[in-house]
Amino acid sequence: MGSTVPRFAPPYDPDALDAAVRDRGAAVLEAAYPPELCSTFLGQVAAHLAAHPEEGEYAARSVLGGFQGDTTATLHALVGVLDCAPELVLQRDIVDCARRVLRPLSDTVLLTIAEYMARRPGAHRQELHRDTFSWRHFPQGEDPIALTVMAAMSDFTAANGATWVVPDSHGGPATDPAPDWSAAHQVELAAGDALLFRADTFHAGGANTTDDQTRHIFSMGLQVGWLRQVENGTLSVPPARAHGLDPELLELLGYSHELVLGLYKGGHPRHALAGS
Ligand SMILES: O=C(O)CCC(=O)C(=O)O
């Protein structure tokens, strides 16, 4: 059995955190989100799904919903949907770590995805996979092109399906065969903790063997600026809705450019926003 995922308590040491993510493939940031924000998030998700049941149904039928199965409920593109999403996405330690760790391959960072997942009782253990599968034609190497966050909005326990991670499994193409389960560790988290890992680290959602506990996840990705995002950020938050959002959030959504990529009429995409 290999070693476990390094854990950090606040205040996080940036160098140690970067080294864990970059070189070991994963780290836990304990207490990354305050308990009140987790409660606010769950309340806003519930209110939104009650008011817009069609969005939950759409997600279940979507490309990602097919992979996740019917014991998982999801809500996507959260920045366009929940008032508290900017605060979750702009978690300072996580975004700063991503900027540093992705810097060798990119000047800018984009938000890959920002979603809610509820893994209900009966959810099956997923196959070990790499999130770089989205970019499987890209030759992966030593430096990461994307990071994934699984943040616990309720406790992650072994019984309710805490995420499995294979430390040190990063660095190869997404199509590599998955390692043996004996190398995987289940990462238990308290509500508010965040698991941060390279998108090329093998991981899987665990089986929820409880009768009565839903595991609530806020998940996001951060990626190099020249790569296509999983969620289309500027459709999720179109110009009419983007006005007034935090400039850094706009950058992450794609109102930004990496050299000559992502330009709007040859210039900065912020010019597409009203009043800019
Ligand atoms: O459920 C989890 O903790 C991980 C989920 C995951 O990796 C996925 O849905 O692709």
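Note that this is a predicted model, so its numbers are computed, not measured.
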Which atom names give the shortest non-hydrogen contact between [X] and [Y], and what distance separates them?
X	Y	answer
Arg24	Asp168	NE-OD1, 2.7 Å
Leu105	Pro144	CD1-O, 3.9 Å
Ala27	Phe8	CB-CE1, 3.8 Å
Ala194	Val149	CB-CG1, 4.2 Å
Gly141	Arg198	O-NH2, 3.4 Å
Ser182	Asp180	OG-OD2, 2.7 Å

I'd like to know if the side chain of [X] reaches the main chain of [Y], judged simply by a donor and an acceptor atom lying under 3.5 Å from each other, with no hydrogens or angles considered.
X	Y	result
Thr112	Gln229	no
Gln186	Trp164	no
His257	Leu259	yes
His129	Glu127	yes
Gln91	Ile94	yes
Ser154	Arg215	no
Ser256	Glu251	yes
Gln213	Asn160	no
His52	Ala50	no
Ser236	Asn232	yes

Non-hydrogen side-chain atoms of [X] and [Y] separated by less than 4.5 Å:
X	Y	result
Thr214	Pro121	yes
Leu102	Ile145	no
Asp193	Val187	no
Phe156	Glu188	no
Leu111	Met220	yes
Thr148	Leu222	no
Pro14	Asp96	no
Leu195	Leu29	no

Rounded to the nearest 0.5 Å, what separation is found between the [atom1] atom of [X] and the [atom2] atom of [Y]?
X	Y	atom1	atom2	value
Asn208	Arg125	CG	CZ	14.0 Å
Leu273	His243	CG	NE2	8.5 Å
Arg120	Thr210	CZ	OG1	12.5 Å
Leu249	Tyr255	CG	OH	10.5 Å
Thr132	Leu227	OG1	CG	10.0 Å
Tyr12	Leu196	OH	CG	10.5 Å

### Sequence neighbours excluded, every pair satisfying side chain to side chain donor-acceptor pair (under 3.5 Å) that has a member inside residues 27-46
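Listed by first then second residue: Arg7-Glu30.
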
Quick note, side chain to side chain donor-acceptor pair (under 3.5 Å) partners involving residues 137-147, not counting sequence neighbours, are none

Do [X] and [Y] meet the criterion of a side-chain donor-acceptor pair at a distance under 3.5 Å?
X	Y	result
His203	Asp131	yes
Thr157	Asp155	no
Arg119	Thr72	yes

- Does the pair Val79 and Leu245 meet the rule for a side chain to side chain contact (heavy atoms under 4.5 Å, CB included), with working shown? CA-CA 10 Å; Val79 177; Leu245 285 183; 4.2 Å; yes

**Message:** Tell me whether Phe197 shares a hydrophobic cluster with Val166, the cluster being built from Ile, Leu, Val, Met, Phe, Trp, Tyr side chains joined at under 4.5 Å.
**Reply:**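 Shared cluster, no.
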
Would Val109 and Val21 show up in the same hydrophobic cluster when neighbours are defined by side-chain heavy atoms closer than 4.5 Å?
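As far as the 4.5 Å side-chain criterion goes, Val21 and Val109 are connected within one cluster.
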
Report, as yes or no, whether the 6.0 Å neighbourhood of atom [atom1] on [X] holds more than 12 heavy atoms from other residues, nucleotides or ligands.
X	atom1	answer
Arg241	CZ	no
Phe133	CZ	no
His124	NE2	no

Using a strict threshold of under 4.0 Å (side-chain N to carboxylate O), is an ion pair present between [Y] and [X]?
X	Y	result
Arg228	Glu258	no
Arg92	Glu87	no
Arg130	Asp200	no

- Which hydrophobic side chains are connected to Leu110, either touching it within the sub-4.5 Å cutoff or through other members that do?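 Leu110 clusters with nothing; isolated.
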
Self-check item: Sub-6.0 Å ring centroid separation between Trp181 and Phe202
Solution: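 So the answer is no for these two rings.
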
Sub-6.0 Å ring centroid separation between Phe41 and Phe218 = yes

